[in-house]
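All values below were derived from every heavy atom in this structure, side-chain atoms included, with hydrogens, water molecules and symmetry-related copies excluded. Keep in mind that what you see is a predicted model, and the values were worked out from it rather than measured. A note on names: the letters A, B, ... follow the listed sequences, proteins ahead of strands, and every chain is numbered from 1.
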2 protein chains.
Amino acid sequence: MQILFLGTGAGMPSKQRNTSALALKLLEERGAVWLFDCGEATQHQILHTTLKPRKIEKIFITHLHGDHIYGLPGLLGSRSFQGGDEPVEIYGPPGIKEFVESVLRISRTHLNYTIHFIEELEGVIFEDDLMKVTTAKLDHVIPSYGFRIEQKPLPPKLLIDRARDLGVPKGPLLAKLKSGKDVTLDDGSIIRSKDVTEPGQPGFVVTILGDTRFCRSAVDLGQHADVLVHEGTFDSSTEKLAGEYGHSTIKEAAETAKQANANTLIVNHMSSRFLPEDEKQLVKEMRDVHEQAFIAHDFDEFEWKINERRLKRI
Amino acid sequence: MQILFLGTGAGMPSKQRNTSALALKLLEERGAVWLFDCGEATQHQILHTTLKPRKIEKIFITHLHGDHIYGLPGLLGSRSFQGGDEPVEIYGPPGIKEFVESVLRISRTHLNYTIHFIEELEGVIFEDDLMKVTTAKLDHVIPSYGFRIEQKPLPPKLLIDRARDLGVPKGPLLAKLKSGKDVTLDDGSIIRSKDVTEPGQPGFVVTILGDTRFCRSAVDLGQHADVLVHEGTFDSSTEKLAGEYGHSTIKEAAETAKQANANTLIVNHMSSRFLPEDEKQLVKEMRDVHEQAFIAHDFDEFEWKINERRLKRI
Ligand SMILES: [Zn+2]
Ligand SMILES: [Zn+2]
């Protein structure tokens, strides 16, 4: 799993940072990419990466502000034009369907695939054998959501040598043992699954939040997450503005990560008022509260390896 | 007057060319910029120029395809955010108002200025003391328009020395003479305006076309234009595709310029199938038909000086 930041700015594009978008690359896990938010020119940013728009399986929209959605129609159109024909699911607040459908209708854009819209954002919004996605409402000036993406524990590993030593023959019994069931051999002896398997490793938990003030549900969504992606539009010197405009300071992002016992914090949605030379001070502000923390820049990529159980900038 | 190409590609953005947008800079003429089409990330392109979004007075949309309009909501929002408070006129085919208004409504974007929409595109759509804009429908797969922008002749120049020699005193009589009226002096002698003025120089004519097949109205709109901006999505080897998709070849663009007796042709809306190394051949194809011709690239700028009466790349 990799997290690739495509746009880490707030409100408007600048030369340094584009508006919000983030790709959760699940290519090894499920051969797919999940996109979180899609500000204007997200497809332009993708041109400078190895991402293939047709690999995008799901798009999650945290809220309907323009800096989080204006790139969606263009990306969807180009995905079709470039040969994408698999369906896409779009999860977003009520209004996202009307937005996409009216823009595509007015611009006479025909897609070679279908879009399923999920506008009911409450609790578990997706679950299959591999992943589970839970959502909750945050605290912004308009409805804004966070998403907690949990990878299911990996399947248990069969200890093949030990099974053979216990007399299990090659064939379907091995599969049964691997799937957690005990089996009886021809000689009447019972082999227990737990004796010939190693439990599967737990998966990752990534929490990606939309624009928000410091709030309880951010902490809840981020509980023990391996990675918490949190906005940090303001700093301590502009704390008052943060509250007024429904945003957080970088310190509040760190406070959320700390209270949630999240492992790694990555802060995005940075105001263009911050200059590159301010970054050192911002990082300090954040690490004073939560040590394992990064500020994201466009095209920053982080990788999570199951054996290391820790996110690394790559 | 300068013409600044902000996006010269077709259909989708590529690393070389963004989707359609062009700024007609009328800063000396009327302290304003007129924008023609606004593909996604036009505001991003503007970040790399000296253009000020608040100086944009009018936006002309040739047709509703996504590669010509998806950048409009973001640009309008940023114009407001950056302090723009003067009204904007948007001229475009029916549907442009619904597009802008529904996107701004759904994304809760409030502008600090009003937009006037003009969706009736027929004949003269704008005229004041300085300029006149005429429009006509072209031949594309959806309604697509071209715009002919005519600068009015400059005011006559008062030959102040000659007026003084004829006994005209300083003051209001001079202004009267300049404005074209004859005057009678205190001694009863009549001074004719034409004897003490030089006629104003004619203004420029710029014709900017939307996506189109070769058609009569393109030739009509371009009659004796100083500059004709024409799409050239295909070349001779793909002529059949051009017709099918409602586009022109570069050679057809040159043919239009020739038949219209236009001075300078600039071709935009280039397919990404053309590689930089193809350009020499494309230019030849075009100049075989119409000598004074250019292929536009993103950020190319051309200047028209009234005394030289000719467009130059700057
Ligand atoms: Zn935002
Ligand atoms: Zn086009």
Side-chain angles (χ1 to χ4, degrees), chain A residues 7 9-19 38-48 53 61 63-82 92-110 140-144 272, chain B residues 7 9-19 38-48 53 61 63-82 92-110 140-144 272:
Chain A
M12 284 191 309
S14 71
K15 276 191 210 171
Q16 284 75 39
R17 297 176 183 273
N18 197 29
T19 48
C38 190
E40 184 178 352
T42 294
Q43 66 164 323
H44 298 64
Q45 298 287 87
I46 287 177
L47 287 175
H48 299 279
I61 299 294
H63 64 297
L64 299 178
H65 275 155
D67 58 325
H68 298 254
I69 64 170
Y70 283 173
L72 199 44
L75 177 73
L76 294 171
S78 295
R79 183 183 188 270
S80 181
F81 197 80
Q82 291 166 358
I96 193 64
K97 183 170 191 275
E98 186 196 352
F99 169 72
V100 171
E101 289 187 344
S102 50
V103 170
L104 295 181
R105 171 178 51 76
I106 295 171
S107 63
R108 269 80 150 190
T109 306
H110 302 284
H140 190 42
V141 292
I142 65 170
S144 178
S272 62
Chain B
M12 283 190 309
S14 70
K15 276 192 211 171
Q16 285 74 40
R17 296 174 183 275
N18 197 29
T19 49
C38 190
E40 184 179 350
T42 294
Q43 66 164 325
H44 298 65
Q45 297 288 87
I46 287 177
L47 287 176
H48 299 279
I61 299 295
H63 64 299
L64 298 178
H65 274 155
D67 58 324
H68 297 255
I69 64 170
Y70 283 174
L72 199 44
L75 178 72
L76 294 171
S78 295
R79 181 182 189 271
S80 181
F81 197 81
Q82 291 167 357
I96 192 65
K97 183 169 190 275
E98 186 196 353
F99 169 73
V100 171
E101 288 187 343
S102 48
V103 170
L104 295 183
R105 172 178 49 77
I106 294 170
S107 62
R108 269 80 149 192
T109 307
H110 303 284
H140 190 42
V141 292
I142 65 170
S144 178
S272 61

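- Of all heavy-atom pairs between B:S107 and A:H65, the closest is O-CD2, 3.6 Å.
- With a 4.5 angstrom heavy-atom cutoff, B:I69 touches chain A only via side-chain atoms.
- When the candidates A:P73, A:G66, A:G11, A:G77 are compared by the number of heavy-atom contacts under 4.5 Å with chain B, A:P73 comes out ahead.
- Residue B:F99 touches chain A through both its backbone and its side chain, counting heavy-atom pairs closer than 4.5 Å.
- For A:I106, the parts sitting under 4.5 Å from any heavy atom of chain B are the backbone and the side chain alike.
- When all heavy atoms of B:L47 and A:K15 are compared, the closest pair comes out as O-CE, 3.1 Å.
- The part of B:N18 that comes within reach of chain A is its side chain, from C-beta onward, which places non-hydrogen atoms under 4.5 angstrom from that chain.
- Considering only heavy-atom pairs separated by less than 4.5 Å from chain A, the leading option among B:E40, B:H63, B:M12, B:E98 is B:E40.
- Here the closest heavy-atom approach between residue B:H44 and residue A:A41 is recorded as NE2-CB, 3.5 Å.
- For the atom pair OG1 of A:T109 and OH of B:Y70, the computed distance is 3.0 Å after rounding to the nearest 0.5 Å.
- Taking B:S102, B:S78, B:G95 one by one and counting their heavy-atom pairs under 4.5 Å with chain A, the maximum is reached by B:S78.
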